[in-house]
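Only one structure is covered here, and it is reproduced in the block below.
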There are 2 protein chains.
Amino acid sequence: MQAEIDKINQQLAVKGYKLTRQREATVLVLLENEKDHLSAEEVFMLVRDKFPDIGLATVYRTLDLLHELHIVEKMNFGDGVARYDLRGTEQAHMHHHIICTDCGSVVEIKDDWLLELEQRVEREYGFTVMDHRLEFLGTCKDCSSKKTEASRQAIS
Amino acid sequence: MQAEIDKINQQLAVKGYKLTRQREATVLVLLENEKDHLSAEEVFMLVRDKFPDIGLATVYRTLDLLHELHIVEKMNFGDGVARYDLRGTEQAHMHHHIICTDCGSVVEIKDDWLLELEQRVEREYGFTVMDHRLEFLGTCKDCSSKKTEASRQAIS
DNA sequence: TTATATGCAAAGGGTTTGCACAACG
DNA sequence: CGTTGTGCAAACCCTTTGCATATAA
């Protein structure tokens, strides 16, 4: 954990930014919740446990900064809320999302399924791919079975 | 063009909605700009040419309605603005986006590159895929050449 | 006629910004 | 020291809502 923080500290220092206590606390929250996709508000509430005097604006500014340095990913699941996610150690953009439109659950796919398609984009469109977003929308296992359950009830 | 409108009229009627003049004008704008990804504001301004007294709220309500009926797609390129896109005749989700993070241009890929991956999601995660979003982020041809141009300038 | 749809303006929610103050290097 | 960062509150922007009025079927 300290290793990650040191590394981020360096990435900041290179660009002339400082790792303040507020930023450190924010990074810590992100590290502790690497599995989730927290909104700025959620990050704010969690950071306040470590640093009660922090302001929401600071959290926004920190998340923006980390996003610019490609340390966190900023995404958007369709509700008008930005969500933030620490990028896994090194392997930048290797994850996709499976979003259930019934219950709102989000599952991550950890592999990169798109290498081939990226090459195709580069080849066919002369486009240099830096990153990608891939989301599947539909119904998850649980909600599917709930639905069949419900329709069984309706019949009987 | 009239054929498309009639069809949408039917889809509305089935659910008990009416094709008002405002809604017709909105649909017309979407048809005329099928290639673009208009924001609500942009749609509003274009619709006003046909129907000067329309309110922005009506445009929002119409776009929401059309989205619920799966007639338009609602998407989000990261700026905090929802964008709307008439779904091509029948083939629902068969397009992906290539977004240049330098100039903001958006190019569409018309094929569906994801059939295989969708099957994999269904198989490995028990997830019923209804739709997907795929976006590639990076630098387009034009911006790439501008960049190399610029660095050449810098050297000389 | 009656449910549905509209326009307007106000409210809402997330995000950004201006400014005076604090803190890092 | 000067630059960079912070907290607060106000400003901002896009979007949604309440309500009285208008309109489609």
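Every value quoted in this text rests on a predicted model; they were computed, and no experiment measured them.
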Group every Ile, Leu, Val, Met, Phe, Trp and Tyr by side-chain heavy-atom contacts under 4.5 Å, then state whether B:V43 and B:L28 land in the same group.
yes
note: A:I54, atom CD1; C:dA23, atom P; distance rounded to Å ~ 14 Å
Residue pair A:D53/B:R83 against DNA chain D: nearer the 5' end by closest nucleotide is A:D53
By nearest nucleotide on DNA chain C, pick out whichever of A:L56 and B:G55 is the more 5' one.
B:G55
Atom-to-atom span, CG of B:L38 to P of D:dC14 - whole angstrom:
15 Å
Expressed as a whole number of angstroms, how long is the span from B:F51:CZ to C:dA5:P?
15 Å
Give the cluster check for A:M75 versus A:V106: same hydrophobic cluster or not, with ILVMFWY residues linked at side-chain heavy-atom distances below 4.5 Å.
yes
First of B:E41 and B:N9 reached from the 5' end of DNA chain D, by closest nucleotide
B:E41
So B:R23, base contact, sugar-phosphate only, or nothing? Heavy-atom distance under 4.0 Å.
sugar-phosphate
Output the distance between atom CG (B:L30) and atom CD1 (B:I8), rounded to the nearest 0.5 Å.
8.0 Å
If I take atom CG in residue A:L19 and atom C1' in nucleotide D:dT4, what distance separates them, rounded to the nearest angstrom?
13 Å
Between A:R61 and A:S39, which is nearer to the 5' end of DNA chain C once each is assigned its nearest nucleotide?
A:S39
Pick base, sugar-phosphate or nothing for B:A13, based on heavy-atom distances below 4.0 Å to the nucleic acid.
nothing
Using atom CG of A:D64 as one end and atom C1' of C:dG14 as the other, report the distance to the nearest whole Å.
12 Å
Give a yes/no answer on whether the side chain of A:T20 brings an N or O atom under 4.0 Å of OP1 or OP2 in D:dT6.
yes
Rounded off to whole Å, could you give me the NZ-to-P distance for the A:K18 and D:dT6 pair?
9 Å
For atom OH of A:Y17 and atom P of C:dG25, their distance in whole Å:
15 Å
OP1 or OP2 of D:dT15 versus the side-chain N and O atoms of B:Y60: is any pair under 4.0 Å?
yes
Is the A:H97 ring parallel, tilted or perpendicular to the A:F77 ring (thresholds 30°, 60°)?
perpendicular
C:dG7 phosphate, OP1 or OP2, under 4.0 Å from B:T58 side-chain N/O:
yes
Kindly indicate whether the side chain of A:R21 and the base of D:dG5 share any N or O donor-acceptor pair separated by less than 3.5 Å?
no
Whole Å only: how far is the NE2 atom of A:H67 from the P atom of C:dT16?
10 Å
Is the B:H132 ring parallel, tilted or perpendicular to the B:H96 ring (thresholds 30°, 60°)?
tilted
Give a yes/no answer on whether the side chain of A:Q22 brings an N or O atom under 4.0 Å of OP1 or OP2 in D:dG7.
yes
